[in-house]
Amino acid sequence: MTPQSPLTPRDRYKRLVYFFPFRLLVLHLKRNHFLLFLWLMLFGFASGTLASRFGVPQQFLVPEYRGGTGFISFAIVGFALGGFIEAFNLYTYILHAYRFPFIATLSKPFLKFSLNNFILPLSFLLTYTITSISFQINEFIPGWKVLLNILSLYAGIAVFLSITYFYFSRTNKEAQQFGKARKKKKHNPETEPTESPVHSVLHWFKRSHARQWHVETYLSHPGRISLARDSTHYSKSVLDKVFSQNHINASRFEIVLVLTFLLIGSLRENQYFILPAAASALLFFTMMLMLVSAFFSWIKGWTITLLFILLFAGNVFYSELRVLTYQSRAYGLDYTGEKAEYDIQKIITDTTLVQADFQHTVTILDNWRKKHNATTLLTGEKPKLIIINCSGGGSRSAFWTMRSLMQADSMLDGKLLNQCVLITGASGGMVGASYLREIMLRETRGENFSVHDTLYAEHMALDLLNPVMLSIATNDWFVRYQKYHDGPFRYTKDRGYAFEKQLKQNTRNLFPLRMFDYQKPEENAEIPMMIFSPTIVNDGRRMIISPQPLSYLTAGNRLDGEKNPLPEDIEFGRLFKKQRGDSLQFTTALRMNATFPYIFPMTSLPTKDPMELMDAGIRDNFGLKTTLQYLYTFRNWINTNTSGVIIVQVRDLPKGIDIEKSNQSLFSQFTAPLGSIYGNMTKTHDYNSEQMLRYLTAWFDNSIDLVTFQLQHDEKNFVSLSWHLTEAEKRTIRSGVKSPYYLKELERLGKMLE
């Protein structure tokens, strides 16, 4: 036996540089930019550096399942992460395995390929593990439970990878099973022709091109490094057969998984199938990878061309032929009959109708005034009229609105809600205020409810994001085939439906079904009026939604004699009278008023020309615009019957944040025009509000005061803008009613109501 010669430094260098895992990493950096983009997003989520203000990292680091964070939620996320890792391996194998022909000579080629493709997945798992442990500790999760959660995550990954191993170990074949290797010809310089200079250059180019993905060593087993076999003694047809049958097996596996994911989406009505939001996001990424790689398995180099053709055809079908149009609709409205005509000149309300609606609201105010007649007779003082403005902000704002108003009303012996005439605002704040108002109505009618019971506020802290994300991942972007029936009408289920259904469950189904169910309670002044104002995407106007007739808010300057008024607000009830506008479901009104871009779909309404609605916060995040319109319209009644107005503004973000220093980087020069404007939207609303309040004193004869209940949180204890709250975020919101700022404002309000 001839002893092996010792390795030279050059040999060691080549075996290190041409180590298969390193070569695959270089391949990803050079050619797999789509994959790298997805991995960068996941690294950003896992490290907490991407979309942290919207609560995305929290969904990964402390996932929630069926109302709690624990080993089951981590196991589900682990299983979904295992699916993404396997999709990553399949994608790379199908697109690039032919660049490494030695793989075809190994037993279980795909499994060996996946083992060597470990650098990105392992780096992500290490990042995720470290960050998640730290985050769980900050959530005051016990150490033993943190360890159990992390082990459950890895167990979930292992289960999925085991399923993959079982499938591919039974289906994939190596080169020896397709035919014998051909014998190498002995090298004989005397009988071989001499290469010409040109042929020599071409031969060198081909060999150097092949060496771009040359491999010296690879992982044959975990912890064991082997030399890569020479594959030149196998015919090209044999190697092609190996890769081809592996590709077909992989594509079949992918198709089965995609169908499984769609099946999970079809079972989303069952609470046990509502996955953590992080798992849904991973499923979505996985399906994108699998669909692209499955396409490539069957049509090879035509994949990109076909995708562009499908994208173009889909756009034509959607925009021109109105095929494949999945519109999110307002539940309760009739989309089958005559469509409403959205013509500004035709929908401007005549003066007679405006006066009738004006008088109707005066009747509501008179009923409100009667509740305080006894107090007036005893003290001789007229009551203060209170209007509550609620800011948008997802679950953060919904939870804070309920906690702050409950605490204030309790400390003021019920005066806050009892003297409130109107509630308006945007997004999450109106969700929380609506629930509080419903509790108030039930308590007023003698039912066993209390507006001071903080248990109801905790309902606003329950998760609303998981079912929405599951719908996005498995249904909304692919095939919407499930239907929802409301009486004689049928609607397509989407993430808007998922949100409403979960909201009803979280609030113990206390909300009434229709908007008109609140018509009489508001008219009798049992509860404050509530006005929603989502934004019309088509022209930027506001859609005014209420069970009461409100044409006086939409008539422009008609009351002042303007001949050609330009109304900014459109009254929902009258525009869609023939489409059963009064039968609009109440949770749909909440959803339309809180339609954050991409998280919820824009709501399409039954008009001749398509009309869509989005979040009220786009135009008026605090409801102050509606408040000033209301005060201006009824200024004479208010001056005569009250001792002044108090506007209670409930804010989820502190007011008056200092201007951030400008980042003069090259990248910031491109992002500043859009990013700065969008990022400063809340500040812009503040500037407008301050200006409108200053002008209010010029025409309002009585006193007017502004009380602000703002949630105090900083960079260290920041509460994200999301429909999901972590335990730490819930604690921050609960403690907000103990902050010096809140207590000082509450004291001010108490003195005003004495």
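The aromatic rings of F596 and F54 sit tilted, their planes meeting at an angle between 30° and 60°. Below 30°, between 30° and 60°, or above 60°: for Y435 and H459 the angle between ring planes is between 30° and 60°, a tilted geometry.
Using a 4.5 Å cut-off on side-chain heavy atoms (C-beta onward), L605 and L613 make contact. Within the 4.5 Å cutoff, the side chain of Q585 has heavy atoms near those of the L513 side chain. Within the 4.5 Å cutoff, the side chain of D453 has no heavy atoms near those of the I439 side chain. Proximity of Y331 to R591: side-chain heavy atoms (C-beta onward) are separated by under 4.5 Å at one or more points. Residues M515 and D582 form no side-chain contact, since every pair of their non-hydrogen atoms from C-beta on lies 4.5 Å or further apart. Contact annotation: the side chain of Y518 approaches that of F586 to within less than 4.5 Å [non-hydrogen atoms, C-beta and beyond]. At least one side-chain heavy atom of V648 sits under 4.5 Å from a side-chain heavy atom of I646. For the pair S722/L465, a side-chain contact is recorded, criterion being any heavy-atom separation below 4.5 Å from C-beta on.
When only modelled atom types and interatomic distance are considered, D569 and Q629 share a side-chain donor-acceptor pair under 3.5 Å. Under 3.5 Å, the side chains of N466 and H724 contain no donor-acceptor pair of N or O atoms. For Y552 and T361, the side-chain atoms include at least one donor-acceptor pair closer than 3.5 Å. Judged purely by distance below 3.5 Å, without hydrogens or angles, the side chains of S703 and K384 pair a donor atom with an acceptor atom. A donor atom on one side chain and an acceptor atom on the other are found under 3.5 Å apart for Y342 and D539. A donor and an acceptor atom, one from each side chain of Q548 and Q519, are located under 3.5 Å apart. With 3.5 Å as the limit, one finds a donor-acceptor pair spanning the side chains of T587 and E500. In the model, N506 has a side-chain atom that pairs as donor or acceptor with a side-chain atom of Q502 under 3.5 Å. Side chains of K738 and Q712: a donor-acceptor N/O pair is absent below 3.5 angstrom, by distance only. Inspection of the S720 and E729 side chains reveals an N or O donor paired with an N or O acceptor under 3.5 Å. Using modelled atom types, one finds no donor on one side chain facing an acceptor on the other under 3.5 Å when comparing Q359 with Q355.
Using a cutoff of 4.0 Å between basic side-chain nitrogens and carboxylate oxygens, R734 and E458 are scored as salt-bridged. Here K520 does not pair with E526 in a salt bridge; the nearest charged N to carboxylate O distance is not below 4.0 Å. A salt bridge between R542 and D620 is present, with a side-chain N of the basic residue lying under 4.0 Å from a carboxylate O of the acidic one. R396 has a carboxylate O that lies under 4.0 Å from a charged side-chain N of D652, or vice versa, which qualifies the two as a salt bridge. Between E754 and K751 there is no salt bridge, since none of the side-chain N atoms of the basic residue sits less than 4.0 Å from a carboxylate O of the acidic one. Taking the charged nitrogens against the carboxylate oxygens, K744 and E747 have no contact shorter than 4.0 Å, which rules out a salt bridge.
In this structure, the ring of F600 has its center less than 6.0 angstrom from the ring center of F499. Taking the ring centroids of F634 and F358, they lie under the 6.0 Å cut-off. Checked against the 6.0 Å centroid criterion, the rings of Y491 and Y497 do not qualify as a close aromatic pair. When ring centroids are compared, W400 and F709 stay outside the 6.0 Å threshold.
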Query raised in the report: How far apart are the C-alpha atoms of S391 and N621, what are their side-chain angles, what is the distance that settles it, and do they pass the side-chain hydrogen bond (donor to acceptor under 3.5 Å, both in side chains) test?
Result: CA-CA 5 Å; S391 73; N621 194 47; 4.9 Å; no
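More than 12 non-hydrogen atoms from other residues, nucleotides or ligands lie less than 6.0 angstrom from CE of M752. No more than 12 heavy atoms of other residues, nucleotides or ligands shown are found within 6.0 angstrom of CG on D609.
Considering NZ of K339 and CD of Q579, their distance stands at 8.0 Å, rounded to 0.5 Å. One distance of note links CZ of F622 with SG of C390; it measures 11.0 Å at 0.5 Å rounding. Rounded to the nearest 0.5 Å, atoms CD (E443) and CG (N448) are 9.5 Å apart. Note that the CG atom of L590 and the CD1 atom of I545 stand 10.0 Å from one another [nearest 0.5 Å]. Here the NZ-OG1 distance, from K730 to T726, works out to 8.0 Å after rounding to the nearest 0.5 Å.
Legend: salt bridge (charged side-chain N to carboxylate O under 4.0 Å, His left out) pairs involving residues 428-438, not counting sequence neighbours, sorted by first then second residue: R437-E522, E438-R442.
Residue T627 is tested with I423, I531, N389, V645 for a side chain to side chain contact (heavy atoms under 4.5 Å, CB included); the sole match is N389.
At least one cation-pi condition fails for R514 and F516: the charged atom is not both under 6.0 angstrom from the six-membered ring centre and inside a 45 degree cone around its axis.
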